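In what follows, a structure is listed as structure tokens, so that the remarks can point back to it.
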Amino acid sequence: QVQLVESGGGSVQAGGSLSLSCAASGRTFSGYAMGWFRQAVQKEREFVGAITHPSSATDYADSVKGRFTISRDIAKSVVYLQMNSLKPEDTAVYYCAARRGWLEQDPQEYDYWGQGTQVTVSS
């Protein structure tokens, strides 16, 4: 059993920054990926980025590449999503997720999910 809890969401003006955290607990895998997804009102859940363990390889959606950065603190079992130069279209509920294995952009390939945290970017 793996439990994920997101935090750090809030409201920010366009051009501002926010940092999200995802704390993981429970059993671990020999190799896994932690992903960030988001879902805006009236839209499907979409991939934002992911990071692997133990290699720390990363992958990002084109829409956030160069603005968002994923990192992790293994000792604390926390993965971060640093979001810079935020745009109104970034407004969504952000979720962290985990899967056994390599990087994957399909949300259906992830086995464990947090409850999400709201990010609102005003113009």
Side-chain angles (χ1 to χ4, degrees):
Q1 181 68 36
V2 176
Q3 297 175 335
L4 305 174
V5 180
E6 304 96 336
S7 62
S11 298
V12 65
Q13 293 182 336
S17 299
L18 281 175
S19 181
L20 306 182
S21 300
C22 177
S25 61
R27 73 184 185 96
T28 59
F29 308 110
S30 58
Y32 63 89
M34 296 289 298
W36 284 98
F37 295 80
R38 65 187 183 187
Q39 187 165 19
V41 175
Q42 296 295 309
K43 293 185 178 181
E44 295 185 350
R45 189 166 299 185
E46 66 174 348
F47 173 77
V48 174
I51 187 168
T52 61
H53 176 79
S55 63
S56 295
T58 56
D59 187 26
Y60 298 94
D62 289 341
S63 60
V64 307
K65 195 171 300 181
R67 299 189 298 122
F68 292 8
T69 302
I70 295 175
S71 61
R72 60 179 171 86
D73 186 330
I74 298 299
K76 296 181 179 180
S77 298
V78 176
V79 62
Y80 304 96
L81 180 66
Q82 177 65 48
M83 305 184 293
N84 299 322
S85 301
L86 284 162
K87 306 173 181 179
E89 51 262 45
D90 294 318
T91 295
V93 176
Y94 282 71
Y95 300 89
C96 65
R99 70 181 301 272
R100 178 184 293 179
W102 197 240
L103 296 169
E104 174 61 57
Q105 297 189 359
D106 186 350
Q108 293 187 337
E109 296 297 324
Y110 286 77
D111 303 302
Y112 306 97
W113 292 85
Q115 293 299 308
T117 185
Q118 176 71 47
V119 172
T120 302
V121 184
S122 60
S123 60

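FYI, the numbering just counts along the sequence from 1. Just so you know, these numbers come straight off a predicted model, no measurement behind them.
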Nearest-0.5 Å distance that lies between atom [atom1] in [X] and atom [atom2] in [Y]:
| X | Y | atom1 | atom2 | answer |
| --- | --- | --- | --- | --- |
| Leu81 | Met34 | CG | CE | 11.5 Å |
| Gln115 | Gln3 | CD | CD | 10.5 Å |
| Arg45 | Gln108 | CZ | CD | 10.5 Å |
| Ser55 | Leu103 | OG | CG | 7.0 Å |
| Ser123 | Lys87 | OG | NZ | 14.0 Å |
| Asp59 | Ile51 | CG | CD1 | 11.0 Å |

Does [X] reach the side chain of [Y], with side-chain heavy atoms less than 4.5 Å apart?
| X | Y | result |
| --- | --- | --- |
| Glu46 | Arg38 | yes |
| Ser21 | Lys76 | no |
| Leu20 | Glu6 | no |
| Phe68 | Asp90 | yes |
| Gln118 | Thr91 | yes |

Picking from Cys96, Ser25, Ser77, what satisfies side chain to side chain contact (heavy atoms under 4.5 Å, CB included) with Leu4?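 For Leu4, the side chain to side chain contact (heavy atoms under 4.5 Å, CB included) test succeeds with only one of Cys96, Ser25, Ser77, which is Cys96.
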Tyr80 side chain to Asp73 backbone, donor-acceptor under 3.5 Å: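 Flag not set: sc Tyr80 to bb Asp73 has no pair under 3.5 Å.
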Is there a donor-acceptor pair under 3.5 Å between the side chain of Ser19 and the backbone N or O of Gln82?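 No.
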Matching residue for Phe47 among Phe37, Trp36, Tyr60 - test: ring-ring contact (aromatic ring centres under 6.0 Å, His included):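 One option only clears the test, and that one is Phe37.
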Pair Asp62 + Lys65, salt bridge at N-O below 4.0 Å: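 Yes, this pair counts.
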